[in-house]
Number of protein chains: 2
Amino acid sequence: MSFKYALVPYIRAPEKHPSVVLYYDENVSIIKDAFPKGKVHLLILPRNEETSKKRSQEAFKDEKTRKLLEGYVNQGVELAHKAFNKTWKRIDGDEQKKMKIIVCCHSVPSLNNLHIHVLTTDMCGKNMKNKKHYNSFTTEFAIKFDEFPLKEDDYRLQDKGRCESLLKQDLFQENAS
Amino acid sequence: MSFKYALVPYIRAPEKHPSVVLYYDENVSIIKDAFPKGKVHLLILPRNEETSKKRSQEAFKDEKTRKLLEGYVNQGVELAHKAFNKTWKRIDGDEQKKMKIIVCCHSVPSLNNLHIHVLTTDMCGKNMKNKKHYNSFTTEFAIKFDEFPLKEDDYRLQDKGRCESLLKQDLFQENAS
DNA sequence: TATTCCGATAGTGAC
DNA sequence: GTCACTATCGGAATGAG
Ligand SMILES: Nc1ncnc2c1ncn2[C@@H]1O[C@H](COP(=O)(O)O)[C@@H](O)[C@H]1O
Ligand SMILES: Nc1ncnc2c1ncn2[C@@H]1O[C@H](COP(=O)(O)O)[C@@H](O)[C@H]1O
């Protein structure tokens with residue numbers, strides 16, 4: 001089996017991987033990303049076989065699929081917040097302020113099974129190692145979940161080359177003042 | 001003083017560097033290359049100031065200069081053989097067979113003072129570390145001493161870019177059968 | 001096409 | 001645009017009372 005199917009076990013038999021799977025039901029598995037790019041990094045994996053085969057751009061054209069996943073996205077964000085707060089506290093002690101979370105799909109994924117990234121915005125996970133990693137979450141290469149469905153003329157529907165070029169950009173930190 | 005003049009001390013005052021200088025007289029210094037690319041690697045340095053300033057391509061247009069150096073080249077080869085035989089012996093015990101020696105100048109040198117490389121063909125010196133090193137002695141980038149004077153249309157007289165491109169070639173071993 | 005140090009870049013192989 | 005490994009490539013400094 002190719003590396004491209006590394007997520008299959010968590011889709012097929014989530015019950016067999018309790019140390020990785022945080023939640024599962026008949027629709028999704030929510031797992032810890034094995035190579036986290038943020039302090040907390042989860043993946044939401046739709047279990048429906050047809051959905052899992054599709055690119056995010058195609059799968060989330062369908063409103064029913066989108067609506068179904070929305071609830072799980074909220075749940076994933078909640079899980080991420082909980083996991084983050086277990087290890088980290090704000091210096092100012094303000095527990096009302098919540099860590100920002102990115103919910104997105106890569107416009108050109110490497111793994112074949114549809115997955116939604118849910119990660120904290122710190123970009124300082126143990127496996128954040130290079131420009132490609134960074135840019136894959138901080139540029140338009142990352143399609144935010146709330147951007148779906150994409151407009152018909154969105155280049156990320158077709159132009160793989162342009163998407164890939166985003167990964168080669170210089171590092172840029174939003175809100176660096 | 002820039003690194004480009006690293007050889008100056010051995011030209012100006014060879015008597016002060018007995019551990020490096022194997023031979024000197026009023027015309028040349030013969031020294032051990034500080035970063036040998038072969039098991040034995042010597043440099044012949046003409047001491048005449050005008051000659052030392054010139055590129056090999058220009059200096060060896062002059063027959064008198066060539067003839068003067070020829071004798072020292074033979075001496076350098078002799079010294080190289082002696083040095084090599086001090087450390088290495090042929091498996092077949094045939095002492096008639098002598099180690100092959102390359103006598104050449106780099107078509108685009110890094111150090112400013114004219115120098116002739118005299119080195120064994122093993123290409124396995126302690127400081128043979130990269131493709132550039134290897135190709136600088138195994139391609140036309142190296143102008144063999146007996147090629148001088150170059151023909152007027154030899155690209156190595158003018159085309160620095162083409163010379164440099166030779167250094168990027170894939171490694172190739174002559175007589176690898 | 002000096003050296004060393006260091007970091008970015010690029011190709012490979014993975015069952 | 002998986003990871004991990006390796007090779008390659010690229011810049012900067014090199015000096016000194
Ligand atoms: N075996 C694995 N288990 C869990 N997550 C993985 C595994 N292999 C890769 N990943 C993650 O899966 C994500 C795939 O990214 P992408 O295909 O670009 O959307 C990356 O964040 C990887 O860190
Ligand atoms: N300080 C030094 N003393 C002796 N040889 C040196 C020194 N610095 C560099 N070299 C050698 O000088 C040669 C210069 O090569 P090139 O200028 O390309 O002909 C190389 O073989 C270097 O190893």
Side-chain angles (χ1 to χ4, degrees), chain A residues 1-10 31 33-37 41 43 45 55-57 104-115 117 125-143 156 159-171, chain B residues 1-10 20 31-37 41 43 45 55-57 104-117 125-143 155-156 159-171:
Chain A
M1 190 171 62
S2 155
F3 72 87
K4 285 176 177 287
Y5 296 96
L7 300 178
V8 166
Y10 311 115
I31 71 170
D33 191 295
F35 306 93
K37 308 307 189 296
H41 190 168
L43 299 174
L45 316 175
R55 298 195 307 152
S56 62
Q57 292 95 318
C104 69
C105 294
H106 283 161
S107 49
V108 185
S110 277
L111 301 190
N112 280 344
N113 297 281
L114 180 58
H115 49 281
H117 293 271
K126 285 193 166 51
N127 293 81
M128 175 65 75
K129 296 185 175 178
N130 58 45
K131 181 186 282 193
K132 198 164 54 173
H133 290 155
Y134 185 86
N135 283 337
S136 77
F137 291 108
T138 59
T139 70
E140 291 184 338
F141 184 90
I143 308 173
R156 294 170 296 183
D159 197 339
K160 192 170 148 180
R162 183 161 165 206
C163 291
E164 291 173 349
S165 72
L166 296 168
L167 299 172
K168 298 179 179 175
Q169 283 181 189
D170 284 352
L171 302 182
Chain B
M1 192 168 66
S2 154
F3 71 87
K4 286 174 178 287
Y5 295 97
L7 301 178
V8 167
Y10 311 116
V20 174
I31 70 170
K32 291 188 277 190
D33 190 296
F35 306 94
K37 308 306 190 297
H41 189 168
L43 300 175
L45 316 175
R55 299 194 308 151
S56 63
Q57 292 95 318
C104 70
C105 294
H106 283 160
S107 48
V108 185
S110 276
L111 301 189
N112 281 345
N113 298 281
L114 180 59
H115 50 281
I116 305 169
H117 293 271
K126 285 193 165 49
N127 292 80
M128 174 65 74
K129 295 184 175 178
N130 57 45
K131 181 187 282 193
K132 197 165 54 175
H133 291 155
Y134 185 88
N135 283 337
S136 78
F137 291 108
T138 59
T139 70
E140 291 184 340
F141 184 89
I143 307 173
Y155 66 93
R156 293 170 296 183
D159 197 340
K160 193 171 147 180
R162 185 163 164 204
C163 291
E164 292 173 350
S165 72
L166 296 169
L167 298 171
K168 298 178 179 175
Q169 282 181 188
D170 284 352
L171 302 182

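The structure displayed is predicted, hence computed values, not measured ones. Throughout, a chain's letter reflects where its sequence line sits, starting with A, and its residues are numbered from 1.
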Task: Between P of dC3(D) and CG of L7(A), the distance in whole Å - done: 12 Å
TODO: Mark yes when over 12 heavy atoms from residues, nucleotides or ligands other than K126(A) sit less than 6.0 Å from its NZ; otherwise mark no.
DONE: no
Open item on the list: Mind checking if H106(A) touches a base, just sugar-phosphate, or nothing, with heavy atoms under 4.0 Å?
Closed with: sugar-phosphate
Task: F3(A) side chain, from C-beta outward: closest of dT4(C), dA14(C), dA2(C) - done: dA14(C)
Task: Below 4.0 Å: OP1/OP2 of dC3(D) and any side-chain N or O of K37(A) - done: yes
Open item on the list: Between dT3(C) and dG17(D), how many Å separate the two P atoms, rounded to a whole number?
Closed with: 25 Å
TODO: Sort by first number and list every stem of DNA chain D: at least 3 consecutive Watson-Crick or G-U wobble pairs, both distances under 3.5 Å.
DONE: C:2-14 with D:2-14
Task: Nucleotide of dA2(C), dT9(C), dT2(D) approaching K132(B) most closely (side-chain heavy atoms) - done: dA2(C)
TODO: For residues F35(B) and H41(B), establish whether the separation of their ring centroids is below 6.0 Å.
DONE: no
TODO: Starting from C1' on dT2(D), measure out to OH on Y5(A) and report it in whole angstrom.
DONE: 14 Å
TODO: Round to a whole Å and report the spacing from CG of N130(B) to C1' of dC6(C).
DONE: 16 Å
Open item on the list: For a quick check of understanding: with a heavy-atom distance under 4.0 Å over all strands, which category does V108(B) fall into, base, sugar-phosphate or nothing?
Closed with: base
- [ ] Look at all strands and tell whether K160(A) reaches a base, only sugar-phosphate, or nothing, counting heavy atoms closer than 4.0 Å.
- [x] nothing
Task: Whole-Å distance separating the CG atom of L43(A) from the C1' atom of dT2(D) - done: 11 Å
Open item on the list: If the cut-off is 4.0 Å, is K131(A) near the phosphate of dT9(C), judged by side-chain N/O to OP1 or OP2?
Closed with: yes
TODO: Look at the rings of F137(B) and H117(B) and say which category their plane angle falls in: under 30° parallel, 30 to 60° tilted, over 60° perpendicular.
DONE: perpendicular
- [ ] Whole angstrom is fine here: how far is it from CD1 in I31(B) over to P in dA2(C)?
- [x] 15 Å
- [ ] Check the surroundings of atom NZ in K131(A): do more than 12 heavy atoms from other residues, nucleotides or ligands lie under 6.0 Å from it?
- [x] yes
Task: Shortest side-chain distance from K129(B), nucleotide among dT2(D), dT4(C), dA2(C) - done: dT4(C)
Task: Any P109(B) side-chain heavy atom under 4.5 Å of H115(B) side chain - done: yes
TODO: Go through E140(A) and L166(A) one step at a time and tell me if the side-chain contact (heavy atoms from CB on, under 4.5 Å) criterion holds.
DONE: CA-CA 7 Å; E140(A) 291 184 338; L166(A) 296 168; 4.1 Å; yes
- [ ] Please work out if F137(B) contacts a base, only the sugar-phosphate, or nothing of the nucleic acid, heavy-atom cut-off 4.0 Å.
- [x] nothing
Task: Gap between atoms CG and C1', on L171(A) and dA8(C) respectively (whole Å) - done: 11 Å
TODO: Take L43(B) and I116(B) through the side-chain contact (heavy atoms from CB on, under 4.5 Å) test and state the conclusion after the steps.
DONE: CA-CA 5 Å; L43(B) 300 175; I116(B) 305 169; over 6 Å; no
Open item on the list: Categorize H133(A) for me: base, sugar-phosphate, or nothing, with a 4.0 angstrom heavy-atom threshold over every strand shown.
Closed with: sugar-phosphate
TODO: Tell me what K168(B) touches on the nucleic acid: a base, only sugar-phosphate, or nothing, going by heavy atoms under 4.0 Å.
DONE: nothing
